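Comments concern the structure below.
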Number of protein chains: 2
Amino acid sequence: MELSERKRRILKAIVEQYISTAEPVGSKAIAADPEMNLSSATIRNEMADLTAMGLLEQPHTSAGRIPSPQGYRIYVNELMNEHRLSLEETQEINRALKQKMSQLDSLLADAGKVVSELTSYPAYALTTQVGRRTVQRYDLIQVDGETVIAVLLLEDGTACNRVMKFPGGIEKDLVQRMGTVFNAGFTNLTAQEIDSAMIRAAERTLGDEIGAAAALASFTISTLESGGSKKVLSGVSNLLTLPEYQDVNKAHKLMDFLAEGNELEQMEMPQGQEGVQILIGPENVAEELKDSGVVLATYPLGNNMQGVIGVVGPTRMDYAKVAAYLSYIAGGMQQISQGTSPPQLPELRPMDDQDESR
Amino acid sequence: MELSERKRRILKAIVEQYISTAEPVGSKAIAADPEMNLSSATIRNEMADLTAMGLLEQPHTSAGRIPSPQGYRIYVNELMNEHRLSLEETQEINRALKQKMSQLDSLLADAGKVVSELTSYPAYALTTQVGRRTVQRYDLIQVDGETVIAVLLLEDGTACNRVMKFPGGIEKDLVQRMGTVFNAGFTNLTAQEIDSAMIRAAERTLGDEIGAAAALASFTISTLESGGSKKVLSGVSNLLTLPEYQDVNKAHKLMDFLAEGNELEQMEMPQGQEGVQILIGPENVAEELKDSGVVLATYPLGNNMQGVIGVVGPTRMDYAKVAAYLSYIAGGMQQISQGTSPPQLPELRPMDDQDESR
DNA sequence: CTTAGCACTCTAGCTCCCTGAGTGCTAAAG
DNA sequence: CTTTAGCACTCAGGGAGCTAGAGTGCTAAG
């Protein structure tokens, strides 16, 4: 059966009502809408059709209808109004971001926090490595007779450091030669490509008897392996305010999944695409998300990193609004991450290009 | 009224039973204990006394008794057996710590995680600054014509870095002179002591027209201000498995408090003492914790940092066990943080010095 | 001082019932 | 053919009433 225009209007009304009330929607409620010049009986007939088509569901005979995942899908793909951020909303976001953004390092956490505060849903932010992760350059700074700071400049443009202490003392000369050896032999290699034979060789070359080379190599490996990929969660307890998670068990399962699972990290755009993706209920791969909705935005970050920022909520979530927020913020993140240091927040403007002159 | 030996035994039995069942304890249940050669009627009389003394409470007339906060206090101070970690427990902890401890940086998070996994209560770990926080030394590494990495060695022995980009290019000479100027003029100062006049003066001295000095100074200030103090939470969703937090509202409030509030950070040992502290119900300052229990351990960390690791749970929490875990782990953290790099986990032994030869 | 016995209290959980929202179907009206 | 009014039917949710059981406090006897 094809979706008539009228059915579409009814479906849209049902989804939107359900999104805001979380209660099954009855025919009368829809008929009450002044835009809908139909009696409740007619609506009932249409609703019966929509149910037969699998777009609506009935919790039980005498309850109203709620949208099925397929129903949401149609809503998201075809019916949903683009949520245009109002000037106030963008100002709100800009204000929130500006206050928080201090360093690229905490950018993730802050973005997640902003999103979760704006949407009242839990949000997560993460980065993933898309290419090789290697050291581009080593710098060793000798602080005193037994302390050396190693600074690793990674290929993605970030730097890491570690204070290394050698209680027996370490020769200035050794430090310098070690820098040379590592810059020559340990750059442009991934963690996997560094093996113990190389480390032993370096030790021999250096005449290193205090394990300095081994320490530096192990720092290198752990830095590369930690993979720059981080995950930050915010606002998880917001779940508990939602009617669908009044069941403690359900809430617990989802929270655990969010805090623990690294499956979130595998959920990203296919082949590094960018943009906003919406996953409804069973469309999610993870079992724990089968009756939740996920909206996520992917954006490029630094050289070969990718950032993902996402929101998890009940299936009935305000997809239009959340998607708009995410895409806006992802855009901002991208700009900031490309900006110079200290990161200056670019003046983000509302996404719409229309005249804001009302 | 003085606490007779018998009353103490009965109080202890009640607290312990309540800790494990979370149900009000009746006289019969206590009388059933073979160690307690008394009839339920006698116990009832004693319980009535204990209630009059304010050590027990009655949810309603025909329910059993539960310990009052004062009752817990007496239990914790006088009655509780030191929980001696068994060999298995320490092995378990050692195994868990060893697996996770990689870098001092993530040490906190890992310790919290271990604790929350072991206790099934939410745990938090944080560090606070106890003394002045200043830069001890600046190192500027020029990577290419427009990129400089600034490495700040702080007075507490940690190092921070930041990649600074100057799109218009930056002179080698300027970088070098800036290092000299900052090492001379910006070390041993707290964030508050650096003012804009100083920055302008440095800019003039350097003939800096691209804001390099301002960027470095602002990095310095934000580093010093961020105060090395971090907070990491783990296992918050564990709350939801506990009977006292089946009420979603209660759980939500506490979770929010844990995630948001920085009041946790103000809860530490008076004047930098070390050791394990137990706060029961209303003994907590924060309103949100008035009917929870908190166990926290404080330990020195680095030069003038202090680490705190704590567990939050229902008032009825197994204080003996949690306190034992925390003090053990805090000891380990202290050792690790004083160790050389890469941090090697010292082989922690059970706290008891008695022969483990069963 | 301890204990057995008893009357009393109070909650948790059960059933029963009713209400109200919502449905599907039918027949009449447009 | 479509829309609508009307009606019988279904079912979850909530309140009232009841019971069982756990626990208490008191008294009187050992």
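Values in this document were obtained by computation on a predicted structure and should not be read as measured data.
Counting to the nearest Å, the P atom of C/dC1 and the NZ atom of B/Lys7 are 11 Å from each other. Straight-line distance from the CD1 atom of A/Ile43 to the P atom of C/dA21: 18 Å, rounded to whole Å. Taking atom NE2 of A/His60 as the reference point, atom P of C/dA21 lies 13 Å away to the nearest angstrom. In this structure, CZ of A/Arg44 is placed 16 Å from P of C/dA27, rounded to the nearest angstrom. To the nearest angstrom, P of C/dA21 lies 17 Å from CD of A/Gln58. Protein atom CD1 of B/Ile66 is 14 Å distant from nucleotide atom P of C/dT11, rounded to whole Å. For B/Glu46 and C/dT3, the CD to C1' distance is 13 Å, given to the nearest whole Å. Spacing between atom CG of A/Leu56 and atom P of C/dG22 amounts to 15 Å, rounded to whole angstrom units.
When each of B/Ser62 and B/Thr42 is assigned the nucleotide of DNA chain C with its nearest heavy atom, B/Thr42 is the one assigned upstream, toward the 5' end. Each of A/Gly64 and B/Leu38 lies near DNA chain C, and the nucleotide nearest B/Leu38 is the one positioned closer to the 5' end.
Atom CG in A/Leu240 sits 4.0 Å away from atom CE in A/Met255 (nearest 0.5 Å). A distance of 3.5 Å separates NE2 in B/His83 from CD in B/Glu89, rounded to the nearest 0.5 Å. Rounded to the nearest 0.5 Å, atoms NZ (A/Lys290) and CD1 (A/Ile280) are 13.5 Å apart.
Looking only at distances, no side-chain donor or acceptor of A/Ser40 sits under 3.5 Å from a matching main-chain atom of A/Lys28. Side chain of A/Lys12 to main chain of A/Met80: no donor-acceptor pair is present (N/O by atom type, distance under 3.5 Å, no hydrogens or angles).
Among the heavy atoms of the strands lying under 4.0 Å from B/Ser27 are primed sugar atoms or P, OP1, OP2 only; no base atom is included. B/Ala63 comes within 4.0 angstrom of the backbone, heavy atoms only, and of no base. Residue-level contact check: A/Thr61 touches the backbone only, with heavy atoms under 4.0 Å from sugar-phosphate atoms and none from bases.
Interface limits on DNA chain D: the 5'-most and 3'-most nucleotides within less than 4.0 Å of chain A heavy atoms are D/dT3 to D/dA12.
Minimum heavy-atom separation, B/Tyr18 to B/Val25: N-CG2, 3.9 Å. Nearest heavy atoms, A/Val312 versus A/Ser292: CG1-CB, 4.4 Å.
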